[in-house]
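This report refers to the structure that appears directly beneath it.
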2 protein chains.
Amino acid sequence: MLGESIRLRSSGIGVRYIERFPVKGAVVMTTIVDVARMANVSVSTVSHVMNGTKKVSDGTRLRVENAIRTSNFTPHPVARSLRSGRTKSIGLIASDTGQYIFGQMIAEVERGTRRAGQTLLLANSDEDREQEKKVVQTLLDHRVDGMIIAPVADSDPEIFERCAAAGCPVVVIDRTSEPGFDQVGIDNRSAMSSLTKHLIDIGHTDIALIAGDLGVWTIQERIVGFRQALQDAAVPSLHGEVIPTERGLVDGQSEIEILLQREPRPTAIIASSGLLTLGALRAFRSQNLSVPEDIAFVSFDGVMNSEFFEPKLTCFIHPVERIGQEAISLLQRRLADPQAPAETVQVPGALFHGTSCGCDGTVPLILEVSSSSD
Amino acid sequence: MLGESIRLRSSGIGVRYIERFPVKGAVVMTTIVDVARMANVSVSTVSHVMNGTKKVSDGTRLRVENAIRTSNFTPHPVARSLRSGRTKSIGLIASDTGQYIFGQMIAEVERGTRRAGQTLLLANSDEDREQEKKVVQTLLDHRVDGMIIAPVADSDPEIFERCAAAGCPVVVIDRTSEPGFDQVGIDNRSAMSSLTKHLIDIGHTDIALIAGDLGVWTIQERIVGFRQALQDAAVPSLHGEVIPTERGLVDGQSEIEILLQREPRPTAIIASSGLLTLGALRAFRSQNLSVPEDIAFVSFDGVMNSEFFEPKLTCFIHPVERIGQEAISLLQRRLADPQAPAETVQVPGALFHGTSCGCDGTVPLILEVSSSSD
DNA sequence: TATTGTGAGAAAAACGATTCGCTGCTTAAT
DNA sequence: ATTAAGCAGCGAATCGTTTTTCTCACAATA
């Protein structure tokens, strides 16, 4: 059949042949029935041998195992799923899979699923509430065994309800504010608090936080940490300010430029995310301000290749890989024991002491772990 | 049923109760049978209405559509796949999904599948030949309708045969050297040739190419482009050299350091990949060489956030998004028409003229499109 | 001896769709 | 008037497993 040439049409001139493209897809796969026939047993026996669901005598088991091996049979996962109701696949929804921070995380989640013999369905919510709703539904339709979601800023609570209704366990990433869910993130408050405290410790009294989108829960938490540090310092004449930016994936450059033109301008600036850090650096450049001489700068998140920046960023580093690992391990635990109590994991990040804060390095930069979890 | 408390065991002391965790997963989904009953038709009719596989009278079609809507029924994809043999899912295998360059590509592929109503199975080959073989098999077992593979350096040809045998169309990414396959990549030769030519044009006569792993096809192509440019220049006393590095994901810093300590050292260096670019920058720093004063530098690939580097990199920029888009569109075409001739797409990249090459900017940097495709 | 139990396997019923073939019934063609 | 064709819809087979139930032979117990 393959490569057979067929007559297409005959014209007046002669006969025209075309080579038929090798037709693939007509491959017959060996099924459990074939195996059963080979081993002279019933299909149920084969199934029991494969799954160990029932005792089978040594003799027949050997025969079956042999038949499986010589025919190198693998059970059809689709058929298996249909009967068992389990797909051995898990879904991962990120708001922007192209972002570097998510790429790292995705890689860890993928590794985890692969190790567990599951497959990973990846979907992107494009940082859009409706899109997120749609992809959640798609993954539910596909009957994934579980889901890991990095929710968009203003995500619809309905998505969680739908998952619950479908009996699909969910692990929430980044946010740790959904009661009753397994979730993993960082301690936004104490991390931001540490950064702020460091600036205060080295003498700054006019600090601005480039906050980002105030509607996002993690941003709100970071602001709380910022305010807490200011309050704890109890320094008179200490002035702190929170600068919001436009919503969405913006670097906030224009907002920061306006801030920098103020008189007097703040002596230190904190950027609340990696993207805002880039915006800040752009703004410094456009205003011809050098860091840390003209202004001190620290950032909440590292940015890629910042080792080549001048100056080096003093920053909190987001433990992305660790978050991915914890997420998939939480999900596996939940799948193994659906009734376990919901767990919230806050993974520790790290502080990197660069030169952008402008201190001589003698003032320590310490991540204080907040003991209160409220 | 939910939250019902059940007696567990009675001891001598009394009766012990535990609260049963709300049992999820016992949700009954509405099936095509329910819809058929609601609309007073047979299941086959419902199916035909959904798929448009047969003419159904307006009256009954309306009844069926109504029933579907009010019960908001969605067909079980697993059951559908089992019967139809198609899963409406496609697989993507990358050698390191965490790398930024792949992240961008994955995002594009995901978008493409989503638009087509398919789901994306993501797997990582960890830049390992055996791992790659394994994940290919896994995806085949899952009966993906098609696959996009960014193969590892020394990938086993068997994986392609297996896909072909299973009737699963494959699009190869990055490499464009597999005859008979749909594939997409860049024109490595002409891109590298352009970079080399630029260095020659501005007067360099001692140029070293930090090549990377010589076993990788794309690297070999870039070397060909390098040599071609040297030859075409026909400048006497022109000296070009190819420096290989250790295999695997290494930045080549140590190799480059050794090179830089030579007397006389090359006057210009080309890095053949983004990772090697980072290694080169590290080496320059450790040897206290400044670019472009002490040595000129251009790189084959951009690296993230290089806008903040000093100096700015003169480089060829890999069109990752475009590659992802082309890959998924090739696959869709193949799925629509399995017999179409195999297509190889070379997408154009771009050159960025920074300051690291050390020219005054008056010498043009032009990407020459090679007309010969051999 | 009659009953009960037990263990190994076979048979059959799901799972939820698609798809082939058949049945009446109406309409067109001979 | 008789046959052929077309239409709308139904019933049943099918995809490849898992899982429940049934059978049958043999051993153990009363």
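We name chains A, B, ... by the order of the sequence lines, and we start the count at 1 in each one.
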Query raised in the report: Which one, dT18(D), dC10(D), dT19(C), comes nearest to the side chain of Ser42(B)?
Result: dC10(D)
Report summary line: Taken in chain and number order and not counting sequence neighbours, the residues that satisfy side-chain contact (heavy atoms from CB on, under 4.5 Å) with Thr97(A) are Ala94(A), Ile106(A), Leu122(A), Asn124(A), Ala107(B)
Query raised in the report: Taking five pairs at each end, how big is the angle between the two axes of the helix from dT1(C)-dA30(D) to dT30(C)-dA1(D), to 10°?
Result: 60°
Query raised in the report: Can Ser95(A) and Glu127(A) be said to form a side-chain hydrogen bond (donor to acceptor under 3.5 Å, both in side chains), step by step?
Result: CA-CA 5 Å; Ser95(A) 50; Glu127(A) 195 57 67; 3.3 Å; yes
Query raised in the report: Between Leu140(B) and Ala166(B), what is the shortest heavy-atom contact and its length?
Result: CD2-CB, 4.0 Å
Requested in this report: Specify the separation, in whole Å, of atom CG of Leu82(A) and atom C1' of dA14(C).
Outcome: 9 Å
Requested in this report: Could you tell me whether Ser81(A) contacts a base, only the sugar-phosphate backbone, or nothing, with contacts defined as non-hydrogen atoms closer than 4.0 Å?
Outcome: nothing
Query raised in the report: Which part of the nucleic acid, if any, lies within contact of Ser47(A), taking any heavy atom under 4.0 Å across all strands shown: a base, the sugar-phosphate backbone alone, or nothing?
Result: base
Requested in this report: For Val41(A), report the nucleic acid contact type (base, sugar-phosphate, nothing); a contact means any heavy atom under 4.0 Å.
Outcome: sugar-phosphate
Query raised in the report: Who passes side-chain contact (heavy atoms from CB on, under 4.5 Å) against Asp156(B), sequence neighbours left out?
Result: Arg129(B), Lys133(B), Glu158(B)
Report task. Could you verify whether a donor N or O on one side chain and an acceptor N or O on the other, from Ser57(A) and Thr60(A), lie under 3.5 Å apart? Result -> yes
**Report entry** Euclidean distance, atom CZ of residue Arg37(B) to atom P of dG16(C) [Å, nearest integer]
**Finding:** 12 Å
Requested in this report: Measure from CE on Met50(B) to P on dT19(C) and round the result to the nearest Å.
Outcome: 11 Å
Query raised in the report: Which residues within residues 61-68 of chain B lie with some heavy atom under 4.0 Å of an atom in DNA chain C?
Result: none
Report task. May I have the distance from Asp141(A) (atom CG) to dA17(C) (atom P), rounded to whole angstrom? Result -> 11 Å
Report task. Could you encode protein contacts along nucleotides 20-26 of chain D as a string, one character per nucleotide from 5' to 3', using B for base contact, S for sugar-phosphate-only contact and - for no contact, with a heavy-atom cut-off of under 4.0 Å? Result -> BB-----
Query raised in the report: dA14(C) C1' sits how many Å from Arg83(A) CZ, rounded?
Result: 5 Å
Report summary line: When rounded to the nearest 0.5 Å, the distance separating CZ of Arg333(A) from CD1 of Ile328(A) is 13.0 Å
Query raised in the report: For Arg143(A) and dC15(C), what is the distance between atoms CZ and P respectively, to the nearest whole Å?
Result: 13 Å
Query raised in the report: Can you name the residues that form a side-chain contact (heavy atoms from CB on, under 4.5 Å) with Val43(B), not counting sequence neighbours?
Result: Ile32(B), Val33(B), Ala36(B)
Query raised in the report: Atom NE2 of His76(A) and atom P of dT18(D): how far apart are they, to the nearest Å?
Result: 12 Å
Query raised in the report: In whole angstrom, what separates Arg86(B)'s CZ from dT14(D)'s P?
Result: 19 Å
